[in-house]
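One structure is given below, encoded as structure tokens.
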Amino acid sequence: MSQSATQTFGFELIHQSKKSRARVGRIHTPHGIIDTPNFVAVGTNGTIKALDNVLIDQIGIQLMFCNTYHLLLQPGPDVVAKGGGLHQFINRKGPIITDSGGFQVFSLAYGSVASELKSQGSKKIDGSVIKINEEGVLFRSYRDGSKVLLTPETSIEAQKKLGADIIIPFDELPPYHIDRNKLKNSLMRTHRWEKRSLETHLKNPQNQAMYAVIHGGVDKQLREMSCDYLAKLPFDGYAVGGSVGKNKEEMVQMLIDIMPRIPEDKPNHLLGIADIDSLDATIPLGIDTFDSSYPTKAARHGLLFTWGRHVRIKQSIYKEHYGPIDDTCSCYTCKNYSMAYLHHLFKAHEVTALSLSSIHNLHFVVEYMRTARNQILNDMI
């Protein structure tokens with residue numbers, strides 16, 4: 001098991017597939033083991049929408065993602081710290097990962113990739129960002145309008161107070177449509193910010209691990225440059241971030257290019273991507289963990305996952321369907337409720353519909369990843 005500056009964090013390789021780069025491993029953290037490959041549920045404000053954290057643990061979510069930007073503004077890192085840190089504050093027994101806040105801040109400044117691809121361009125779309133320079137980003141809180149300076153140092157200090165098991169260095173998220181010179185300049189600044197973040201972290205490791213974030217857009221040379229630079233620094237793992245492409249094909253090609261350059265003795269993570277098609281395409285490339293709000297967001301819109309065709313529960317064909325969502329599913333929802341009842345709850349705009357659907361989709365993804373690990377162990381992936 002690889003160890004680094006943190007004594008209670010490490011990665012253990014269990015099996016390397018003979019068929020692909022897919023691998024099964026274990027990430028050891030102060031709050032438990034994460035079996036890989038695995039899905040990471042996103043709890044933006046310290047909770048998965050419509051669910052509580054005791055239930056999340058029972059569903060089998062081994063790693064939960066919380067957002068520093070939102071927690072920084074409400075309730076604030078000091079409040080969380082006084083409450084015993086995130087684990088105690090939100091009653092989460094298992095491992096937690098927090099991001100740096102950079103993704104949200106730069107999304108405010110430039111807009112999302114989705115908005116760009118809808119021809120809205122990369123223009124500034126939110127007036128809350130006041131200034132971006134070498135020091136960091138000055139923006140106004142969407143809560144009360146107060147000015148907040150987010151820098152590599154303040155981001156890490158906030159994550160220290162939150163106390164997650166895995167933390168992320170501050171980075172810049174440039175827009176998808178950006179010329180190469182600007183993209184390269186952004187990458188160089190991100191590298192400087194990540195180094196400053198790491199230096200701040202190493203002054204007080206606090207049993208936390210820090211993952212580097214590999215950037216470079218879909219530019220092969222810049223991505224490789226980022227891999228090579230960050231691999232020389234004492235990070236505990238590696239996340240692939242920034243713009244990963246305008247479609248799945250671009251993302252997969254980018255990952256094919258860079259995965260062989262990421263150190264194999266440490267865990268890696270794909271930021272913000274975990275739909276089923278992307279999991280199928282990228283697990284064989286050797287990705288260890290994936291975070292996304294997609295399964296629960298889909299659930300709240302009535303799209304329910306099954307091993308066959310996904311179910312759109314609001315459709316009238318389910319009005320008198322008295323069986324479960326999936327006959328093979330052992331989740332709480334499928335064991336206790338029919339599709340007809342779920343259809344009724346959605347039509348009646350009952351909040352319970354969101355909870356029961358989210359339980360099912362999270363359970364499905366947990367089982368999907370468990371199946372993937374077994375297939376890798378048998379060299380089927």
Side-chain angles (χ1 to χ4, degrees), residues 31 38-57 59 61-81 83 85-115 125-126 128-129 137 139-144 148 150 154-156 158-159 161-171 173 211 213 239 241 269-275 289-301 303 351 354-355 357-359 361-362 365-366:
H31 288 90
N38 215 326
F39 167 74
V40 183
V42 176
T44 300
N45 290 299
T47 182
I48 311 298
K49 282 183 171 57
L51 301 177
D52 75 90
N53 292 319
V54 173
L55 185 54
I56 289 300
D57 185 57
I59 291 172
I61 296 296
Q62 290 186 319
L63 182 58
M64 178 177 172
F65 203 114
C66 296
N67 295 111
T68 296
Y69 171 81
H70 294 288
L71 293 172
L72 179 70
L73 301 182
Q74 170 64 39
D78 290 330
V79 172
V80 175
L86 263 181
H87 289 89
Q88 187 171 332
F89 186 68
I90 71 174
N91 194 21
R92 162 77 179 163
K93 293 181 172 61
I96 297 174
I97 178 173
T98 50
D99 62 358
S100 68
F103 176 84
Q104 286 79 15
V105 168
F106 285 100
S107 293
L108 292 176
Y110 300 132
S112 66
V113 173
S115 67
I125 63 168
D126 192 295
S128 64
V129 175
V137 182
F139 66 96
R140 292 189 185 278
S141 166
Y142 66 84
R143 291 283 177 178
D144 59 11
V148 180
L150 198 57
T154 61
S155 171
I156 300 309
Q159 292 184 78
K161 291 176 180 178
L162 296 175
D165 301 272
I166 302 168
I167 63 177
I168 300 293
F170 192 57
D171 55 349
L173 179 70
Y211 283 16
V213 184
H269 180 87
L270 181 58
L271 285 162
I273 304 292
D275 60 280
T289 50
F290 309 76
D291 78 90
S292 177
S293 60
Y294 176 71
T296 46
K297 186 177 292 185
R300 296 194 303 275
H301 285 84
L303 180 64
V351 176
L354 312 183
S355 300
S357 298
S358 296
I359 288 170
N361 276 8
L362 285 183
V365 179
V366 167

task = May I ask you to decide if Ile168's main-chain N or O and Gln159's side chain share a donor-acceptor pair within less than 3.5 Å?
result = yes

remark   = So OH of Tyr142 and CG of Leu73: to nearest 0.5 Å the spacing works out to 5.5 Å

ask   = Side chains of Cys66 and Leu71: does their closest heavy-atom pair fall under 4.5 Å?
value = yes

inquiry  = Rounded to the nearest 0.5 Å, what separates atom CD1 in Ile167 from atom OG in Ser100?
reply    = 10.0 Å

message = Rounded at 0.5 Å granularity, tell me how far NE2 in His31 sits from CG in Leu63.
response = 12.0 Å

query = Under the 3.5 angstrom rule, does the side chain of Asn38 hit a backbone N or O of Thr289 as a donor-acceptor pair?
reply = no

task = Write down the atom of Gly101, the atom of Thr68, and the distance for their closest heavy-atom approach.
result = N-CB, 4.1 Å

ask   = Are any of the side-chain heavy atoms of Thr154 and Phe170 separated by less than 4.5 Å?
value = no

query = Just wondering, do Phe139 and Gln104 contact through their side chains at under 4.5 Å, heavy atoms?
reply = no

ask   = Can you name the nearest heavy-atom pair linking Ser292 to Ile273, along with the distance?
value = CB-C, 4.0 Å

message = Does any part of the side chain of Phe103, heavy atoms only, come nearer than 4.5 Å to the side chain of Asn67, both counted from C-beta?
response = no

message = Here's a test for you: under side-chain contact (heavy atoms from CB on, under 4.5 Å), which of Asn53, Ile97, Thr98 qualifies with Met64?
response = Asn53

query = Under 4.5 Å between any side-chain heavy atoms of Val80 and Lys161, yes or no?
reply = no

Minimum heavy-atom distance between Asp291 and His269, given as atom pair plus value = OD2-NE2, 2.7 Å

message = Show the nearest heavy-atom pair for residues Asp99 and Tyr69, with the distance to one decimal.
response = OD1-N, 4.4 Å

Side chains of Gln62 and Pro95 in contact at under 4.5 Å (non-hydrogen atoms) = no

message = Please give me the minimum heavy-atom distance between Ser355 and Leu51, naming the atom from each residue.
response = O-CD2, 3.6 Å

Heavy-atom closest contact (Asn45 atom, His70 atom, distance) = OD1-CB, 3.4 Å

inquiry  = I'd like to check Ile359 versus Ile59 (side-chain heavy atoms, cut-off strictly below 4.5 Å). Are they in contact?
reply    = yes

inquiry  = Looking at His87 and Gly94, would you say the former's side chain and the latter's main chain have a donor-acceptor pair under 3.5 Å?
reply    = yes

Spacing of Ile61 atom CD1 and Phe39 atom CZ [to the nearest 0.5 Å] = 5.5 Å

note = So CG of Leu271 and CZ of Phe290: to nearest 0.5 Å the spacing works out to 11.5 Å

Rounded distance [0.5 Å steps], CG in Leu162 versus CZ in Phe89 = 10.0 Å

inquiry  = Is the shortest side-chain heavy-atom distance between Leu362 and Thr296 below 4.5 Å?
reply    = yes

